[in-house]
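To start, I am sharing the structure in question, which I have written as structure tokens.
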Amino acid sequence: MAAGKLIAENRRARFDYFLEQSFECGIALTGSEVKSLRNGKANIAESYAAVENNEIVLVNADIPPYAQAGPHFNHEPRRHRKLLLKRREIEKLIGAVQREGRTLIPTKLYWSDKGLAKLEISLAKGKNTRDKRETVAERDWQRDKARLMREKG
């Protein structure tokens, strides 16, 4: 989905969760937040999406204040930001979160071809410790297998 320039990526999400389905959504931002994103500064590693008032919001995403804006025209770095989705997608995500106990995890923040900030969120199911060990073991085996294939043939 990420067609444009990548701003931030949540690489830990694949390790901590089983990612099932991805959605592309817009974000309601202020001017200083857009300027800060243009500088390539954002962190979505500890963030998640939650349901508030029949809307989906991005919680705990860190977009640092824009240095040139000054103290009066800047934004709160970790404020809740509304995610822009179609009503049918919102209803589907709300149902998955409330009925099935899924989590909404942001995986990528990027610029679209039109220059708009887009966020890729995924429906996720948490992994337990055993699942994480299996993921690490599978990744190590794939790496060793590739190395053996290179050396042997």
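Values below: all heavy atoms of this structure, side chains included; hydrogens, waters and symmetry mates excluded.
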Note to self: When you measure from the side chain of Ser47 to the backbone of Asn60, do you find a donor-acceptor pair of N or O atoms at a distance under 3.5 Å?
What the structure shows: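 Checked: no pair found.
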Item checked: Sidechain-backbone polar pair: Asn53 side chain, Glu55 backbone, donor-acceptor under 3.5 Å ->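 Judged by distance alone, no pair lies under 3.5 Å.
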Next item on the list: Decide whether Val57 and Leu37 are clustered together by the hydrophobic rule: side chain heavy atoms of Ile, Leu, Val, Met, Phe, Trp, Tyr closer than 4.5 Å, transitively.
Entry: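 No, because Val57 and Leu37 fall into different hydrophobic clusters, even though each may have its own neighbours under 4.5 Å.
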Note to self: Who clusters with Phe15? Use side-chain heavy atoms, under 4.5 angstrom, across I, L, V, M, F, W and Y, and order the result by chain and number.
What the structure shows: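 Under the 4.5 Å side-chain rule, Phe15 groups with Val136.
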Next item on the list: Using the ring of Phe18 (Phe, Tyr or Trp, six-membered ring only), decide whether Lys127 places NZ or CZ under 6.0 Å from its centre and within 45 degrees of its axis.
Entry: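 Output yes; distance and angle both within limits.
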Notebook entry, point to check: Any ion pair linking Lys125 and Glu20 (charged N to carboxylate O, less than 4.0 Å)?
Noted result: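 No, Glu20 and Lys125 are not salt-bridged.
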Next item on the list: Check Arg81 against Glu76 and note the closest heavy-atom contact, atom names and distance.
Entry: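 Nearest heavy atoms, Arg81 then Glu76: NH2-O, 3.5 Å.
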Check: If you round to the nearest 0.5 Å, how far is CD1 of Ile7 from CG of Leu109?
Finding: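 Answer for the CG-CD1 pair, Leu109 versus Ile7, is 4.0 Å.
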Solution key, residues 86-96 side-chain donor-acceptor pairs under 3.5 Å, sequence neighbours excluded:
residue, atom, partner, partner atom, Å
Arg87, NH1, Asn54, O, 3.3
Arg87, NH1, Glu91, OE2, 3.3
Glu89, OE1, Lys86, N, 3.3
Lys92, NZ, Gln21, OE1, 3.3

Item checked: Listed partners of Arg139 passing salt bridge (charged side-chain N to carboxylate O under 4.0 Å, His left out), at least two apart ->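 Residues passing salt bridge (charged side-chain N to carboxylate O under 4.0 Å, His left out) with Arg139: none at all.
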Check: Side-chain contact, heavy-atom cut-off 4.5 Å: Leu119 with Thr107?
Finding: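 Leu119 vs Thr107: side chains apart.
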Next item on the list: Indicate yes or no for a side-chain donor-acceptor contact from Asn39 to the backbone of Lys41 under 3.5 Å, with no hydrogens or angles considered.
Entry: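 Checking the backbone N and O of Lys41 against the side chain of Asn39, no donor-acceptor pair under 3.5 Å is found.
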Next item on the list: Determine yes or no for a side-chain-to-main-chain donor-acceptor pair under 3.5 angstrom, with Ser36 supplying the side chain and Ser32 the backbone.
Entry: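 No, because the side chain of Ser36 does not come within donor-acceptor range (under 3.5 Å) of the backbone of Ser32.
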Margin query: Once salt bridge (charged side-chain N to carboxylate O under 4.0 Å, His left out) is applied, do any residues pair with Arg147, and if so which ones, sequence neighbours excluded?
Written below: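 Listed in chain order: Asp144, Glu151.
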Using atom types as modelled, flag every donor-acceptor pair under 3.5 Å from a side chain in residues 61-70 to any protein atom, sequence neighbours excluded.
none

Check: Does some side-chain heavy atom of Ile27 sit less than 4.5 Å from a side-chain heavy atom of Leu116?
Finding: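 They are not in side-chain contact.
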Note to self: Could you tell me if the side chain of Pro106 sits less than 4.5 Å from the side chain of Leu58, heavy atoms only?
What the structure shows: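 Yes, at least one pair of side-chain atoms sits under 4.5 Å.
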Next item on the list: Would you mind reporting whether Glu24 and Glu120 have side-chain heavy atoms less than 4.5 Å apart?
Entry: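 Of all side-chain heavy-atom pairs linking Glu24 with Glu120, none is under 4.5 Å.
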Note to self: Once salt bridge (charged side-chain N to carboxylate O under 4.0 Å, His left out) is applied, do any residues pair with Glu52, and if so which ones, sequence neighbours excluded?
What the structure shows: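 Per chain and number, Glu52 pairs via salt bridge (charged side-chain N to carboxylate O under 4.0 Å, His left out) with no residue.
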Note to self: Give me the atom names and distance for the closest heavy-atom approach of Ala42 to Ala8.
What the structure shows: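 Heavy atoms of Ala42 and Ala8 come nearest at O-CB, 3.8 Å.
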Next item on the list: Look up atom CD1 in Ile44 and atom CZ in Arg12, then write down how far apart they are to the nearest 0.5 Å.
Entry: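 Atom-to-atom, Ile44:CD1 and Arg12:CZ are 14.5 Å apart.
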Note to self: On a heavy-atom basis, which atom in Val59 and which in His80 lie closest, and how many Å separate them?
What the structure shows: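 So the minimum-distance heavy-atom pair works out to CG1-NE2, 3.7 Å.
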Next item on the list: For residues Leu84 and Cys25, determine if any side-chain heavy atom of one lies less than 4.5 Å from a side-chain heavy atom of the other.
Entry: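 They are not in side-chain contact.
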Next item on the list: Look at atom NZ of Lys118 and say whether more than 12 heavy atoms of other residues, nucleotides or ligands are closer to it than 6.0 Å.
Entry: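 For Lys118, atom NZ is crowded (more than 12 foreign heavy atoms under 6.0 Å).
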Next item on the list: State, with a plain yes or no, whether a side-chain heavy atom of Arg78 is found less than 4.5 Å away from one of Glu46.
Entry: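 Yes. Closest side-chain heavy atoms under 4.5 Å.
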Next item on the list: Compare every heavy atom of Gly126 with every heavy atom of Tyr17, then report the nearest pair and how far apart it is.
Entry: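 Reported closest heavy-atom pair: CD2-CA, 3.7 Å.
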Notebook entry, point to check: How many angstroms lie between atom OG1 of Thr103 and atom CD of Glu100, to the nearest 0.5 angstrom?
Noted result: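 Here the interatomic distance stands at 11.5 Å.
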Next item on the list: Indicate yes or no: at least one non-hydrogen side-chain atom of Arg14 is less than 4.5 angstrom from one of Leu19.
Entry: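 In short, these two side chains touch, coming nearer than 4.5 Å.
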Checklist line | Same cluster (ILVMFWY, side-chain, under 4.5 Å), Leu83 and Ile105 | finding: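 Different hydrophobic clusters.
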Note to self: Under 4.0 Å between a side-chain nitrogen and a carboxylate oxygen: does that hold for Lys145 and Glu138?
What the structure shows: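 Between Glu138 and Lys145 there is no salt bridge, as every charged N stays at least 4.0 Å from the carboxylate O atoms.
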Item checked: Cluster link Tyr48 to Leu29, ILVMFWY, side chain under 4.5 Å ->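 Unlinked, Tyr48 and Leu29 end up in two clusters.
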